[in-house]
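Structure first, then comments.
Remember, it's a predicted structure, so these values are computed and weren't measured experimentally. We count residues from 1, following the sequence as given.
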Amino acid sequence: MIAVPIKLNKENSAVAPLFGKAKWFAFISEDGEIIIEKNEASQGSAVVKWLLEKGVDVLLMQKMSEPPYEMIQREGSITVFYVGSDRIELAEAVKKYEDESLVIVDDSNANEIIKTKGTKK
């Protein structure tokens, strides 16, 4: 299942820029069904726990801080993809994922994408 933080409670919403503060998440099943749920978690690590409980294995995102990124890396069951820093709508982000044109976030490039303490990205 794919998870995407989004700005609004609708399918044509833009991707929310901050993973841990997104008010809504779109969940896309293997058959393409989109379900939007309110994010009740209060911060990034709690959001990661929620996604793990839901069985998410792919996350499309713009910005994430270091603690949730490290939690995802430790857990090892979610692959994180960077959708870029420009405004992008949910459908376009999913299409880029399906076209394999998104960058996987891992330790080789995390320092360029993940917000670490004391830096602004």
Side-chain angles (χ1 to χ4, degrees):
M1 178 183 309
I2 301 169
V4 186
I6 56 176
K7 286 185 170 187
L8 303 170
N9 181 14
K10 57 185 188 175
E11 286 187 22
N12 64 346
S13 177
V15 174
L18 299 173
F19 165 79
K21 297 186 187 268
K23 296 195 183 327
W24 303 96
F25 269 77
F27 296 95
I28 301 107
S29 65
E30 288 185 21
D31 64 4
E33 179 185 8
I34 299 172
I35 297 171
I36 297 172
E37 292 187 23
K38 184 168 179 54
N39 175 15
E40 302 288 351
S42 60
Q43 39 85 9
S45 296
V47 175
V48 172
K49 184 177 179 195
W50 177 49
L51 298 182
L52 290 168
E53 289 169 358
K54 292 192 68 60
V56 168
D57 55 1
V58 171
L59 172 65
L60 311 183
M61 64 93 203
Q62 284 189 325
K63 293 179 188 171
M64 175 184 288
S65 64
E66 203 169 17
Y69 170 74
E70 289 175 350
M71 185 176 180
I72 287 171
Q73 293 306 304
R74 277 192 310 273
E75 177 59 37
S77 61
I78 297 176
T79 304
V80 180
F81 291 85
Y82 179 58
V83 300
S85 59
D86 294 335
R87 184 183 187 283
I88 184 170
E89 290 190 357
L90 175 62
E92 185 180 354
V94 172
K95 182 173 184 338
K96 286 185 172 192
Y97 167 75
E98 291 170 346
D99 293 344
E100 299 181 5
S101 62
L102 296 178
V103 173
I104 293 176
V105 180
D106 59 25
D107 289 344
S108 71
N109 60 8
N111 63 335
E112 301 165 18
I113 298 169
I114 301 301
K115 181 181 172 190
T116 57
K117 291 180 183 174
T119 64
K120 291 184 178 181
K121 295 234 175 190

How close do [X] and [Y] get, counting heavy atoms only, and between which atoms?
X	Y	result
K10	I36	C-CD1, 3.3 Å
Q62	D86	NE2-O, 2.7 Å
L60	P5	O-CD, 3.0 Å
A46	S42	CB-N, 4.3 Å
K54	E37	NZ-OE2, 2.9 Å
V83	L102	CA-CD2, 3.8 Å

| query | Would you say the side-chain atoms of D57 pair up with the backbone N or O of I78, donor to acceptor, closer than 3.5 Å? | reply |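 Flag not set: sc D57 to bb I78 has no pair under 3.5 Å.
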
| Y69 side chain to D107 backbone, donor-acceptor under 3.5 Å |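 Answer holds: yes.
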
| query | Are F27 and M64 grouped together when hydrophobic residues (ILVMFWY) are joined by side-chain heavy atoms under 4.5 angstrom apart? | reply |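 They do share one cluster, since a chain of ILVMFWY contacts under 4.5 Å joins F27 to M64.
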
| Among the clusters formed by ILVMFWY side chains lying less than 4.5 Å apart, do L51 and V58 turn up in the same one? |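 Not linked; separate clusters.
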
| message | Set out, in order, the CA-CA distance, both residues' side-chain angles and the distance that settles side chain to side chain contact (heavy atoms under 4.5 Å, CB included) for V56 and W50, then state yes or no. | response | CA-CA 9 Å; V56 168; W50 177 49; over 6 Å; no

| field | Partner of S13 under side-chain contact (heavy atoms from CB on, under 4.5 Å), chosen from L90, V4, I6 | value |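 Exactly one candidate clears the test, I6.
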
| query | Hey, which of T79, V105, I72 is the one that makes side-chain contact (heavy atoms from CB on, under 4.5 Å) with L59? | reply |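 Testing L59 for a side-chain contact (heavy atoms from CB on, under 4.5 Å) against T79, V105, I72 leaves exactly one candidate, I72.
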
| query | Taking everything shown except E30 itself, do over 12 heavy atoms lie less than 6.0 Å from its CD? | reply |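 Check fails, neighbour count at 12 or below.
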
| query | What do the steps show when you test M61 against I113 for side chain to side chain contact (heavy atoms under 4.5 Å, CB included), and what is the final call? | reply | CA-CA 10 Å; M61 64 93 203; I113 298 169; 3.8 Å; yes

| Would you call E75 and V48 a side-chain contact if the rule is heavy atoms closer than 4.5 Å? |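 Sidechains of V48 and E75: no contact.
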
| Rounded distance [0.5 Å steps], CD in E89 versus NZ in K7 |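 The CD atom of E89 sits 10.0 Å away from the NZ atom of K7.
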
Side-chain donor-acceptor pairs of residues 17-26 under 3.5 Å, sequence neighbours excluded:
none

